[in-house]
Structures are given as structure tokens and as C-alpha cells.
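What follows is a single structure, written as C-alpha cells, with notes after it.
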Amino acid sequence: MQVTPIGPNFAADVHGVTLADVANDDTAYNDVRAAFEEHSVLVFRNQDVSDESQLAFSRRFGPPEVTKVGSQGTGTHFVILTTIGPDGKVVPADSRLALRNKANQLWHTDSSFKRTPALTSVLSARIIPENGGETEYVSTRLAFERLDPALRAKFEHSFAWHDYNHSRSQIAEGLATPEERAALPPVCWRMVWKNPVNGRGALYLASHAYAVEGMEPAVGKRLIEELMQAATAPGTSYVHRWKSGDVVMWDNRATMHRGRPWPAHEARLMVRTTISATEADGIESMRPPKQQAAE
Ligand code: OGA
Ligand code: MN
């Protein structure tokens with residue numbers, strides 16, 4: 001297996017290993033796992049992609065999420081991101097489905113709004129538009145390391161609130177349904193996720209984050225905006241231009257990502273599997289002290 005860095009100090013291409021190797025072979029899994037801990041975003045090319053091969057690969061990293069209410073693929077281990085409607089045609093740009101896709105174009109990390117956040121997401125492109133439709137990544141680990149030490153120490157002991165409804169309402173009021181809102185109440189996480197393997201911290205932020213525990217709402221909101229802006233500063237991203245057979249996995253503890261727009265009339269279909277974080281991935285240290293969690 002060869003690992004070749006491709007981004008600005010994070011993200012790497014992985015050659016000489018297949019999805020099936022990782023699913024079936026401990027050495028292949030261990031090598032990929034080590035590369036994942038180090039590089040945060042891994043790109044596998046020319047893979048034999050199917051729902052089965054993707055899920056078997058993903059399962060190696062931990063328990064797969066079950067897709068939430070309101071998303072395509074609900075109740076399965078797959079999230080289907082597409083603007084192709086039930087009749088097989090691309091939906092209009094102002095339709096609910098298109099707007100839901102648009103919410104993925106805000107910088108975020110997957111599942112920070114859930115009771116159990118995600119370790120990794122594994123994404124494959126099944127239908128790729130001619131233009132646009134890239135996925136862009138930044139390292140929130142590098143963003144954390146760019147901060148001055150006093151701020152780093154402060155944020156290690158700060159907690160932020162995340163809410164699915166908050167990110168959706170940035171696209172359109174009422175985009176999250178009452179059913180989704182009921183299933184996904186706000187959750188609170190430490191603002192820095194320390195990687196248990198290498199000890200490096202990363203800002204844990206997303207479009208879902210709306211408040212900082214113990215801060216005036218407006219002040220906390222501004223702080224989140226400033227940190228998001230610093231984390232996504234020009235020149236800090238890796239942009240993945242999808243080709244058939246590509247599979248990209250990323251560390252939701254140490255990155256943010258966003259989809260890039262594509263012409264509304266062009267079809268795009270992506271399939272994601274998402275693996276929940278466990279104690280071994282540092283989840284326990286992310287939970288706020290009890291008195292802060294009470295709500
Ligand atoms: C995701 C996501 C962006 C894209 O799969 O979690 O945000 O480019 N995707 O489709
Ligand atoms: Mn996402």
C-alpha cells in the first residue's frame with residue numbers, strides 16, 4: 001500500500017489496496033486505519049464500488065449508522081444524496097429535495113447533531129455531473145494548531161451546541177421537518193476533539209453549531225463564525241473532483257467538508273456510509289460535564 005499526500009498538509013491518495021482488502025484482511029485494515037488517523041481524508045481510486053463493497057469496507061471502522069428520518073435511505077446503512085426524483089428526473093432547483101442537497105454545501109462535519117457523532121464517512125460517486133459537484137475538505141486539526149496557545153487551551157475546555165435545524169434553517173426556514181426536529185434535539189460537544197492515537201486536537205465545529213455553552217448567544221455565535229472562517233481560510237482546502245470508481249473517506253473528528261454546486265439540470269448521485277464514533281475514538285471525552293448536559 002502506498003500513501004501519497006495530495007492536499008495542504010492533510011488528505012492522501014491510497015494506492016495498492018481495494019475496498020475488499022480492507023474488509024477481509026487485518027493488515028490492510030490496520031495500514032489504512034493508521035493512514036486515516038494521520039491524514040484525515042483518504043482517497044481510493046478505481047474501486048469496484050457497490051453498496052455491499054462500500055458497507056463491508058466501512059464496517060471495519062466501527063458500527064454503521066442507521067440513516068435518520070427524513071433522509072433518502074432512512075432505516076438503512078446508506079445515505080443517498082441526489083437531486084434525482086422518484087420519477088427518475090432531476091428535480092427543479094427550488095424543490096425541497098434540491099434545497100436539502102444545498103444544505104450539504106455549507107461547511108460541516110457529519111452527524112455532530114446526533115446523540116452519537118460520527119467517526120468517519122465513506123462516500124462514493126455513482127452519477128457524476130459534467131461540471132462542478134466536487135467535495136471540498138479542510139482540516140480542523142490544522143485549524144486548531146494555527147490558533148495561539150492561550151486560545152487552544154481555552155477551547156479545549158469549551159463546549160458548543162449543535163442542532164440539525166440550525167444548519168437547515170440557513171438554507172430555508174422549515175427545511176427540517178417537525179419529525180426531524182423532534183428526533184434530533186440540540187446536543188452539546190466539547191469544542192476540541194483530541195485524537196486518542198496521536199494526541200492531536202481538532203476543532204469540532206460545523207454548520208450545525210449555533211451556541212457556545214456559558215456565552216451570550218450572539219457572542220458564541222460570532223465566535224463560531226470566526227473559527228469556521230479561520231478553519232476554511234483560502235488555501236487550506238483539498239477539493240476532490242470525482243471520477244467513477246472513487247471512494248473518499250474522512251475523519252469527522254478532524255475535518256469539515258462541503259459539497260460544491262453543479263448545474264441544477266445535471267444529475268448527481270452519491271452514496272454515503274457513516275460510522276459512529278466509539279469510546280476508542282475518544283467519544284467519552286467529548287461529552288460535557290453532567291450539569292452542562294442537563295436540558
Ligand atoms: C456528505 C456530504 C457532500 C457532497 O456526503 O456527507 O456532505 O459533495 N457530501 O456530496
Ligand atoms: Mn456531509
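Quick caveat, the model's predicted, so the values are computed rather than measured. We count ligands from 1, going down the list as the structure has it; atoms in each ligand are counted the same way.
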Exercise. Under 4.0 angstrom from ligand 1, any heavy atom of W250?
Worked result: yes

Problem set entry | N or O pair under 3.5 Å between T135 and ligand 1 | yes

Problem set entry | Considering only N, O or S atoms of D110, the one closest to the Mn ion (ligand 2) | OD1

Exercise. Considering all heavy atoms of both residues, which atom of S121 and which atom of T274 are nearest to each other, and what is their separation?
Worked result: OG-CG2, 3.7 Å

Exercise. Ion pair present between E145 and R141, side-chain N to carboxylate O less than 4.0 angstrom?
Worked result: no

Problem set entry | Lys/Arg N to Asp/Glu carboxylate O, R168 vs D163, below 4.0 Å | no

With a cut-off of 4.0 Å, which atoms of ligand 1 are near a heavy atom of [X]?
X	result
R272	1 (C), 5 (O), 6 (O)
H257	1 (C), 2 (C), 6 (O), 7 (O)
R268	4 (C), 8 (O), 10 (O)
H108	7 (O)
L81	1 (C), 2 (C), 5 (O), 9 (N), 10 (O)
D110	6 (O)

Exercise. Is any side-chain heavy atom of N252 closer than 4.5 Å to a side-chain heavy atom of W193?
Worked result: no

Seminar exercise, completed: So the angle subtended at the Mn ion (ligand 2) by H257 atom NE2 and H108 atom NE2, rounded to 10 degrees, is 90°

Exercise. Quick check, are the ring centers of F44 and F57 under 6.0 angstrom apart?
Worked result: yes

Problem set entry | Near-ring test H162/Y204, centroid separation under 6.0 angstrom | yes

For this session: Evaluate salt bridge (Lys or Arg N to Asp or Glu O under 4.0 Å) for E37 paired with R200, printing each intermediate quantity in order.
Result: CA-CA 10 Å; E37 302 288 358; R200 292 173 75 182; over 6 Å; no

Exercise. Where's the contact between E134 and ligand 1, heavy-atom distance under 4.0 Å: side chain, backbone, both or neither?
Worked result: backbone

Problem set entry | Structural part of W107 in contact with ligand 1, heavy atom criterion under 4.0 angstrom | neither

For this session: Kindly compute the distance separating CG (D281) from CD1 (I283), expressed to the nearest 0.5 Å.
Result: 8.5 Å

